[in-house]
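Contents: one structure, followed by commentary.
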Amino acid sequence: MNKFDYNLKGLVPVLIFFIVWESAASLNLIFENNFLPSIKEIIVEFYYLTINGVLIKNFYSSLLRVLAGVFLGSFLGLVVGILMGWKENVNQFLGLIISLTYPIPALGWLPLFIIFFGVNNLVPVLIIFICCFFPIVYNTIAGIKGVDNNLINAARTLGASEIKILFTIIIPLALPSIFTGLKLESGMAWRVVIAAEMIAIPTGIGALMMKAENLVRVDIIIVCLLLLSLMCFLFEKTIVLLESKFTDQWR
Amino acid sequence: MPDIKIKDLSTEFCLKKMNFTIKDGELMVLLGPSGSGKTTLLKAIAGIVDYSGSIYFGENNVNNLVPGKRNVGYLFQNINLFPHLNVYDNIAYGLKTKGFSKDEIKEKVEHIIDLFNITEIKERYSKNLSGGEKQRIALARALVYSPDILLLDEPMSSLDYRISKHLRMEIKMLQRKLNITTVYVTHNFSEAEEMADRIAVINNGVIEQVDKADRVFFKPKNKNVTEFIGEPNIFICSSCKELNLYLKEIKCGKLNFVVASLQKSIRKIAILPEDIYVSKRKPPGPDINRVKAELIEIKKNSTYIECVFMVDRKIKVKLAADIYKNMKLSKNDTTWLTFNFKKIKVLNGDM
């Protein structure tokens with residue numbers, strides 16, 4: 001079954017949400033003074049923000065940060081996770097330091113990084129890197145260790161070297177677990193970058209939202225939120241699509 | 001093909017100083033209860049478990065060879081097809097690791113796929129295969145690179161009777177054709193009897209007896225062997241009359257039997273206690289392979305009841321507890337014993 005076959009049932013609550021919103025906005029149910037913009041106003045604002053380049057510029061810088069952080073974090077997390085899952089002595093060597101750094105929230109590093117590196121693109125990328133790295137490491141270790149030892153023995157009797165077993169048996173069979181880690185982090189990266197931009201970085205979607213708050217531009221804030229929701233959704237679905245491409249035929 | 005010599009083989013938890021030789025081209029069955037060490041011995045031969053002592057293939061000590069260099073084909077009990085590879089790639093895996101060229105791989109895989117009649121399913125993945133298909137593919141995977149030694153671990157355990165019968169014949173034929181030294185693990189005596197050139201009875205990590213099937217049956221070496229295989233009632237024949245080519249009528253004291261055998265003369269027959277039926281009234285039908293007997297002793301056991309009957313000699317019969325209860329047997333009852341015709345074993349040759 002294709003995972004994109006959402007049945008129409010799921011659209012009903014979304015529709016209800018928009019209807020309630022629209023009625024609340026046009027009838028001024030919650031606030032007076034048109035505090036809550038209507039859907040139409042949102043669309044118009046979205047159009048203006050796109051045309052004048054503000055949205056695209058900020059979105060672009062957020063997107064680049066997310067992509068760089070996710071890519072670096074996933075890649076290094078994958079390498080470390082594979083080594084730790086595969087070789088017990090690497091696991092013993094790195095296990096403690098990883099267990100100790102994992103509990104620190106990614107955003108907790110922010111003040112430190114700003115002092116060390118100043119306000120620039122390196123900071124959000126590093127924060128996203130940290131937030132992606134750990135889930136990938138842990139899920140990769142779990143996936144690698146979860147591979148049935150009997151299959152590894154079968155590969156051994158068939159003449160495969162340990163490194164060949166790693167690449168042809170262990171990693172392919174650990175993919176479902178690795179993808180679970182990727183799914184977790186792909187959404188998380190967006191959440192973290194927005195938080196970082198809201199607090200400290202003067203560009204990006206998060207910064208745009210903070211400026212909109214100062215000007216009490218509820219419509220711009222809502223445009224940003226919708227965009228974020230869409231991006232998290234797209235990132236997660238892309239990973240799901242990749243996962244099913246690699247694993248559906250045998251799982 | 002090399003023989004396999006096992007010298008003082010021990011493992012940490014299981015095997016205790018095993019010594020025996022599996023001859024070149026022979027099909028040796030390892031027979032024993034669960035946990036006796038059959039699979040561990042197989043794994044030691046393949047090199048996927050740590051052991052002390054030595055294993056020789058022919059003249060070569062293989063202790064220091066990694067599994068892949070021992071050139072054994074191993075059919076695992078839980079089959080172990082790689083779930084992420086399709087049938088073709090599963091079979092080709094061993095060839096790829098051993099560095100065959102692309103053309104050779106294709107040729108060999110296609111050939112064995114043809115031989116095993118699995119062309120139609122070669123693109124499938126393990127999740128879409130039946131138990132019998134998986135078993136055949138695993139066997140093909142173990143044979144495709146022409147191993148010197150074939151190791152089969154309970155290859156029939158996951159199959160229903162009809163398919164397993166078919167596959168047993170296939171394995172036996174292939175083994176003869178390739179003349180490949182084979183070790184076959186099972187806990188089922190009739191399977192062992194059907195497949196084996198010789199049987200090695202294993203109990204508790206020790207080889208109790210290595211012998212031809214009917215010698216294991218008629219001349220079990222010790223209590224551990226009889227406990228596992230069962231202690232048969234053995235009858236010495238005083239005369240033998242040929243009814244036709246296949247059927248012989250024999251006399252053993254007061255008892256008369258009709259048995260199926262191609263032998264001209266029969267000296268001994270045997271039947272296991274569980275293959276004799278008991279009834280209180282004379283059963284209908286022709287008076288063949290049955291006798292009137294008196295129940296002289298009842299021994300109760302947790303799972304079955306052992307009854308000893310008297311004709312002109314003692315005959316032991318095993319009854320399931322519920323059958324025994326329904327029949328309301330008591331000591332000194334006169335009953336009829338019927339011997340299962342198909343289960344009467346005739347001793348081949350002399351012993």
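Predicted, not measured: the structure shown is a model, and the values here were computed from it. Scope of the values below: all heavy atoms of this structure, side chains included, with no hydrogens, waters or symmetry mates. Here is the naming used below: chain letters follow the sequence lines, and residue numbers restart at 1 for every chain.
For Asn89(A), the CG atom is densely surrounded, since the number of other residues' heavy atoms within 6.0 Å is greater than 12. Other residues, nucleotides and ligands contribute over 12 non-hydrogen atoms within 6.0 Å of the CZ atom of Phe20(B). Residue-environment remark: CZ (Phe75(A)) stays at or below the threshold of 12 foreign heavy atoms within 6.0 Å. Crowding of Leu112(A) atom CG: a count of heavy atoms from other residues, nucleotides or ligands under 6.0 Å exceeding 12.
Residues of residues 23-42 of chain B placed with any heavy atom under 4.5 Å of a heavy atom in chain A are absent; none qualify. Taking 4.5 Å as the heavy-atom cut-off, the residues of residues 162-181 of chain A that approach chain B are Lys164(A), Ile165(A), Thr168(A), Ile169(A), Pro172(A), Leu173(A), ordered by number. Within residues 92-129 of chain B, the residues having any heavy atom under 4.5 Å from a heavy atom of chain A are, by residue number, Tyr93(B), Gly94(B), Lys96(B), Thr97(B), Lys98(B), Tyr125(B), Lys127(B). Scanning residues 58-74 of chain B against chain A with a 4.5 Å non-hydrogen threshold yields Pro67(B), Gly68(B), Val72(B), Tyr74(B), sorted by number.
Put simply, of Asn153(A), Ile152(A), Asp148(A), the one with the most heavy-atom pairs under 4.5 Å next to chain B is Asn153(A).
Ile48(B) CD1 to Thr157(A) OG1: the interatomic distance, rounded to the nearest 0.5 Å, is 6.0 Å. Atom CH2 of Trp250(A) is separated from atom CG of Asn86(B) by 13.5 Å, given to the nearest 0.5 angstrom. With values rounded to the nearest 0.5 angstrom, Leu81(B) atom CG is found 9.0 Å from Leu151(A) atom CG. Rounding to the nearest 0.5 angstrom, the gap separating the CG atom in Leu158(A) from the CD1 atom in Ile91(B) is 11.0 Å.
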